[in-house]
Structures are given as structure tokens and as C-alpha cells.
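Here the structure is laid out as C-alpha cells; the discussion comes afterwards.
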Amino acid sequence: MTRSYAQAPITTVSAANDIEYAYREVGEGGVPLVLLMHFRGNLDNWDPALVDALAQSRRVIAFDNTGVGRSSGRTPSTIAQMALDAIAFTDALDLAQVDVLGFSLGSFVAQEIALIRPSLARRVVLASAAPQGAPGMHGWAKWVIGAVGGPEIVPASVLDDAEAALAAHDTPADFFDAMLKRYSEHVGPTVLWVSARALYLAREDGDPVQNLIAAWAL
């Protein structure tokens with residue numbers, strides 16, 4: 001199986017929970033890697049370049065969980081049920097053991113899968129993850145609130161703040177360098193996925209605020 005994820009056909013499988021699951025798979029060999037999508041995402045939201053890279057030496061499977069995309073049923077209201085539905089999907093494919101990559105909401109589901117059936121998940125990769133909520137765990141850290149402002153976003157004030165921040169630097173490029181430096185002081189080494197076109201626009205001559213808006217709108 002050498003095709004790219006972008007060209008992989010969408011296949012369906014019927015599970016014991018009466019759900020018809022839609023999925024795509026690429027690659028072959030090794031313990032299958034099952035991908036768990038973020039909130040409001042479906043099969044088409046996975047980046048083919050990422051999936052193809054993961055599938056160079058192994059089988060990779062992405063699927064729409066219950067009630068999502070082309071799969072049947074009604075979307076569950078709990079993470080635990082989403083995990084049970086994901087397990088039902090792996091059972092339908094006769095997968096005795098898998099590696100799991102969960103992204104955002106998918107990372108919550110991945111954690112539940114590991115708790116419900118530890119023998120299924122050989123390895124679990126959590127991307128953009130968080131633990132289950134509990135008393136005393138809600139809300140953002142104070143330094144985050146201080147950095148981004150209050151809960152109410154006023155567009156005019158955001159533009160004013162951006163213009164003032166950009167005016168304090170010689171070029172938009174200097175502004176980006178200072179912003180990334182401040183960010184790294186809080187969270188450590190960080191990888192930011194930014195399009196080359198966005199950075200180009202931000203560094204062009206002209207109105208720095210409008211260039212910044214254009215850059216982040218891409």
C-alpha cells in the first residue's frame with residue numbers, strides 16, 4: 001500500500017455497536033497507528049504530508065468517530081463514550097494492539113482508551129493535550145491572563161495594542177522576534193507552524209498593522 005493519504009479511498013466498517021465507521025488507511029507493517037482527530041475535525045482535516053510521513057514504515061489509520069463526518073450515529077456527549085466508540089472501531093478492524101496519536105480532543109479520547117483497555121494501546125502520543133478537569137483546576141494561569149488581557153475582546157483595542165507594539169520596534173520583523181522571545185521565556189522551546197507567505201507579508205514595507213492582519217489571516 002503505497003498511495004498517499006490524499007488519494008486513499010474512504011472505506012467503511014460495521015462495528016458491534018451498530019455504527020458504520022468511515023476510515024482511511026495508508027502504509028503497511030508494524031503495529032498500526034490510529035489517529036484521533038481534534039474537535040470539529042474529520043478525515044479531511046489530517047494533513048496528508050504528516051500522515052504520509054508517519055506511514056513510511058507502518059500502517060496508519062484515521063477514522064471518523066461516531067456521529068462525525070461520514071460515520072453514522074449520534075455524537076457522544078462524554079469523552080468516555082467517545083473512547084468506547086473508538087475501541088469499538090478498532091475491534092471492528094480486528095486490531096488487538098495499536099499505537100494511538102491523539103490531537104487536542106483526540107488526546108482526551110486517547111487517555112480514556114488507555115484507562116479503559118490498557119492492553120489495546122501499546123503507546124500513546126498526546127498532542128495539544130490536557131488532563132481531565134477537577135475542582136481547583138479550572139481557569140488560566142495568572143501570567144497567561146496578564147499576557148492576553150481580560151476575557152472580553154474589543155477589536156478596536158486589539159488593533160490599538162498591535163499598532164502600539166509594532167511602533168515600538170524598527171520593523172515588523174523585530175516585533176516578531178521580540179514576541180517569540182517573550183513567548184519562549186514562558187513556555188520554553190516552541191515550534192510555531194507559520195506559512196512562509198505570512199512571514200513575508202509581515203516583513204513587507206507599508207502599514208505594519210495591515211500587514212500583520214494580512215499575515216495572520218492566511
Side-chain angles (χ1 to χ4, degrees), residues 5 8-48 50-51 53-55 58-142 144-145 148 151 187 190-191 193:
Y5 182 77
I10 295 176
T11 309
T12 60
V13 63
S14 298
N17 59 356
D18 294 327
I19 300 299
E20 191 86 4
Y21 290 94
Y23 68 99
R24 283 184 179 136
E25 62 174 299
V26 292
E28 55 189 350
V31 176
L33 174 64
V34 176
L35 308 180
L36 301 174
M37 176 46 70
H38 60 71
F39 180 54
R40 297 177 69 184
N42 58 35
L43 286 172
D44 294 329
N45 288 92
W46 288 109
D47 185 346
L50 170 64
V51 179
L54 294 172
R58 68 185 309 169
R59 182 184 181 190
V60 179
I61 304 169
F63 74 104
D64 286 337
N65 210 344
T66 303
V68 174
R70 296 172 177 84
S71 292
S72 64
R74 184 173 181 176
T75 307
S77 59
T78 67
I79 300 299
Q81 186 58 53
M82 293 178 191
L84 290 170
D85 289 345
I87 291 172
F89 168 72
T90 61
D91 287 346
L93 292 183
D94 293 323
L95 302 177
Q97 191 175 59
V98 299
D99 292 340
V100 179
L101 169 58
F103 176 36
S104 192
L105 177 64
S107 74
F108 305 160
V109 177
Q111 293 175 68
E112 285 291 336
I113 290 173
L115 290 172
I116 294 171
R117 191 186 291 181
S119 62
L120 174 62
R122 185 187 68 153
R123 291 178 179 151
V124 176
V125 179
L126 305 178
S128 189
Q132 185 178 26
M137 291 181 61
H138 65 282
W140 295 96
K142 289 184 178 180
V144 175
I145 297 299
V148 302
V187 300
T190 304
V191 176
W193 293 88

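One is the number of the first residue; the rest follow in order along the sequence.
The structure places CG of Asn45 at 5.0 Å from CG of Asn42, a figure rounded to the nearest 0.5 Å. With values rounded to the nearest 0.5 angstrom, Met37 atom CE is found 10.5 Å from Phe63 atom CZ. With values rounded to the nearest 0.5 angstrom, Leu33 atom CG is found 8.5 Å from Ile61 atom CD1. Atom CG of Asp64 sits about 10.5 Å away from atom OG of Ser72, to the nearest 0.5 Å.
For Arg24 against Ile10, the heavy-atom pair with the smallest separation is NE-CG1, 3.5 Å. Closest approach of Ala88 and Tyr21 over heavy atoms only: CB-OH, 3.9 Å. Heavy atoms only, all atoms of each residue included: Thr75 and Gly67 are closest at OG1-O, 3.2 Å. Of all heavy-atom pairs between Gln97 and Pro32, the closest is O-CD, 3.7 Å. The nearest pair of heavy atoms linking Leu95 to Val34 is CD1-CG2, 4.4 Å. The two residues Asn65 and Ser71 have their closest heavy-atom pair at O-CB, 3.5 Å.
We find that Asp85 and Arg74 are not joined by a salt bridge, their nearest charged nitrogen and carboxylate oxygen being 4.0 Å or further apart.
Gln111 places a side-chain N or O within 3.5 Å of a backbone atom of Ser107 that can act as its donor or acceptor partner. When atom types are taken as modelled, the side chain of Arg58 and the backbone of Gly27 share no donor-acceptor pair closer than 3.5 angstrom.
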Stepwise side chain to side chain contact (heavy atoms under 4.5 Å, CB included) check, Asp44 with Arg70:
CA-CA 11 Å; Asp44 294 329; Arg70 296 172 177 84; 3.8 Å; yes

As a quick check of understanding, evaluate side chain to side chain contact (heavy atoms under 4.5 Å, CB included) for Thr12 and Tyr23, giving each step before the final call.
CA-CA 6 Å; Thr12 60; Tyr23 68 99; 5.8 Å; no

Worked verdict on Met82 versus Leu105 for side chain to side chain contact (heavy atoms under 4.5 Å, CB included):
CA-CA 10 Å; Met82 293 178 191; Leu105 177 64; 4.3 Å; yes

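The only option from Leu43, Val60, Leu50 that meets the side-chain contact (heavy atoms from CB on, under 4.5 Å) definition with Leu35 turns out to be Val60.
Relative orientation of the Phe103 and Trp46 rings is tilted, given thresholds of 30° and 60° on the angle between their planes.
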Distance-only criterion, 3.5 Å: show the donor-acceptor pairs between side-chain atoms of residues 113-130 and protein atoms not counting sequence neighbours.
unit_1	atom_1	unit_2	atom_2	d
Arg117	NH1	Asp91	OD1	2.8
Arg117	NH2	Asp91	OD2	3.1
Arg122	NE	Asp99	OD1	3.0
Arg122	NH2	Asp99	OD2	2.8

